[in-house]
Amino acid sequence: MTSIAIIGAGPQLGLAIARTFGSHGLDVALISRNRDKLDGLVGKLRAEGITAAAFPADVLDHDALTRALTEAAARFGGIDVLEYSPVGTFTSTALTTPAETEPSHVQHEIEFQLYGAIAATKAVLPAMREAGAGTLLYTTGAGSIDPVPQVGNVNAAAAALRNWAINLHKELDGTGVQAAHVGIDVSIGTPAVPGFPTAQPEEISPVYWELHTTRRGQAELVFSR
């Protein structure tokens with residue numbers, strides 16, 4: 001298996017991860033909801049000599065997500081690396097503090113972050129186990145580790161994903177399959193809040209390659225300034 005599937009692929013970190021892995025010879029499967037945006041990213045990668053294809057799917061639709069990953073595996077002969085980093089929009093995500101949070105505020109985020117990751121993992125892990133090799137990478141903001149009250153519901157779901165990913169790393173120890181969590185403690189590209197540390201996506205993407213290659217024993221990596 002010589003491909004990476006990037007779930008939540010976008011023009012910043014997702015594209016940078018695609019370029020990092022593609023430059024090392026991996027084929028790239030891009031998965032997100034918007035076909036037109038995916039096609040634009042595929043065009044950029046192909047222009048750089050990277051083999052890439054789009055597989056549209058919504059992470060909230062587990063059947064569609066599983067089909068997309070199955071089609072990607074069939075196209076590229078398997079999936080060696082899964083990277084999960086979908087990002088919600090302000091129209092789909094209601095941000096609440098812990099005291100303001102209703103169960104429904106957390107439920108959507110849990111479905112988006114944790115349940116989507118579980119569904120994606122179930123689609124690719126059996127083949128990785130059989131091969132005795134593979135990498136599963138899950139991305140959240142650093143609020144999964146050090147929460148921020150203004151986004152309490154998002155942080156709660158991200159913390160659940162982090163907990164599950166690190167526990168999966170423990171379970172898979174000795175199988176040849178790596179699972180790890182990446183916490184992003186910077187704004188990507190431009191500052192979300194004035195004065196908050198920022199980093200370009202090309203500065204962050206190499207840590208994913210490291211977790212796939214030279215740091216396979218590591219369950220978590222936090223990128224910060």
Side-chain angles (χ1 to χ4, degrees), residues 3-57 59 72 79-90 92-93 112-113 116-117 120 135-146 148 151 154-155 158 161-162 165 178 180-215 218 220-225:
S3 70
I4 179 172
I6 301 172
I7 299 177
Q12 294 214 72
L13 184 58
L15 180 58
I17 293 171
R19 283 171 166 153
T20 295
F21 281 78
S23 68
H24 286 89
L26 274 73
D27 298 332
V28 177
L30 300 179
I31 300 173
S32 72
R33 290 169 291 186
N34 191 302
R35 159 68 80 172
D36 291 339
K37 291 181 180 178
L38 286 180
D39 286 344
L41 298 178
V42 167
K44 290 182 179 181
L45 292 170
R46 288 179 176 174
E48 298 169 15
I50 295 171
T51 300
F55 302 89
V59 298
I79 295 173
D80 185 54
V81 184
L82 175 76
E83 193 279 320
Y84 187 86
S85 57
V87 177
T89 64
F90 287 111
S92 65
T93 303
F112 188 73
Q113 298 197 55
T135 301
L136 305 160
L137 302 172
Y138 308 92
T139 304
T140 72
S144 63
I145 304 165
D146 183 14
V148 179
V151 288
V154 174
N155 286 170
L161 174 55
R162 172 182 180 254
Q178 153 75 323
H181 169 252
V182 180
I184 307 295
D185 195 17
V186 295
S187 290
I188 300 175
T190 57
V193 178
F196 193 77
T198 64
Q200 296 307 306
E202 294 78 13
E203 298 177 274
I204 303 170
S205 60
V207 306
Y208 292 82
W209 182 254
E210 292 172 12
L211 288 168
H212 173 55
T213 55
T214 60
R215 303 173 80 166
Q218 193 165 334
E220 180 173 64
L221 192 153
V222 179
F223 186 95
S224 63
R225 289 297 196 195

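The figures that follow rest on heavy atoms only: side chains count, while hydrogens, waters and symmetry mates do not.
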Practice task
Would you check if the side chain of D80 reaches a backbone N or O of I4 as a donor-acceptor pair within less than 3.5 Å?
Solution key: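 A pair under 3.5 Å: no.
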
* To do: Using atom types as modelled and distance alone, determine if a side-chain donor or acceptor of R46 lies under 3.5 Å from a backbone N or O of A52.
  =>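 Yes, because the side chain of R46 sits within donor-acceptor range (under 3.5 Å) of the backbone of A52.
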
Would you say that [X] contacts [Y] through its side chain, given a criterion of any heavy-atom pair below 4.5 Å between the two side chains?
X    : Y    : result
L45  : L30  : yes
Y138 : Q113 : no
L26  : S3   : no

Q | For D39, salt bridge (Lys or Arg N to Asp or Glu O under 4.0 Å) partners two or more places apart | A |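 Applying salt bridge (Lys or Arg N to Asp or Glu O under 4.0 Å) to D39 gives R35.
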
Of the non-hydrogen atoms in [X] and [Y], which two are nearest, and what is the gap between them?
X    : Y    : result
A72  : I79  : CB-CD1, 4.2 Å
G189 : Q200 : O-NE2, 3.2 Å
L211 : Q178 : O-NE2, 3.4 Å
G116 : Y84  : CA-OH, 3.2 Å
D36  : N34  : N-OD1, 3.0 Å
L38  : A54  : CB-CB, 3.6 Å

Check: Do T139 and E83 have a side chain donor and acceptor closer than 3.5 Å?
Finding: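 Yes, side-chain donor-acceptor contact under 3.5 Å.
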
So how far is it from [X] [atom1] to [Y] [atom2], rounded to the nearest 0.5 Å?
X    : Y    : atom1 : atom2 : answer
D185 : F196 : CG    : CZ    : 5.0 Å
S85  : I184 : OG    : CD1   : 8.5 Å
S205 : Q12  : OG    : CD    : 12.0 Å
S224 : I204 : OG    : CD1   : 10.5 Å
R225 : E203 : CZ    : CD    : 4.0 Å

side-chain contact (heavy atoms from CB on, under 4.5 Å), that's the test. Do T190 and T198 meet it? Break it down for me. CA-CA 6 Å; T190 57; T198 64; 6.0 Å; no

Pairs flagged by salt bridge (Lys or Arg N to Asp or Glu O under 4.0 Å) wherever residues 15-28 is involved - sequence neighbours left out:
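Every pair satisfying salt bridge (Lys or Arg N to Asp or Glu O under 4.0 Å) with a residue in residues 15-28: R19-E48.
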
| task | Please work out whether the ring planes of W209 and H24 are parallel, tilted or perpendicular, with thresholds of 30° and 60°. | result |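 Answer is parallel, since the angle falls under 30°.
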
task: Decide yes or no on salt bridge (charged side-chain N to carboxylate O under 4.0 Å, His left out) for E220 and R215, but give the supporting numbers first.
output: CA-CA 10 Å; E220 180 173 64; R215 303 173 80 166; over 6 Å; no

Worksheet entry | Member of L136, L137, T140 meeting the side-chain contact (heavy atoms from CB on, under 4.5 Å) criterion with H181 |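 Considering L136, L137, T140, a side-chain contact (heavy atoms from CB on, under 4.5 Å) with H181 is found only for T140.
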
**Study point:** Residue that, paired with Y208, satisfies side-chain contact (heavy atoms from CB on, under 4.5 Å) out of I6, L221, L13
**Key:**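 In the set I6, L221, L13, the residue that makes a side-chain contact (heavy atoms from CB on, under 4.5 Å) with Y208 is L13.
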
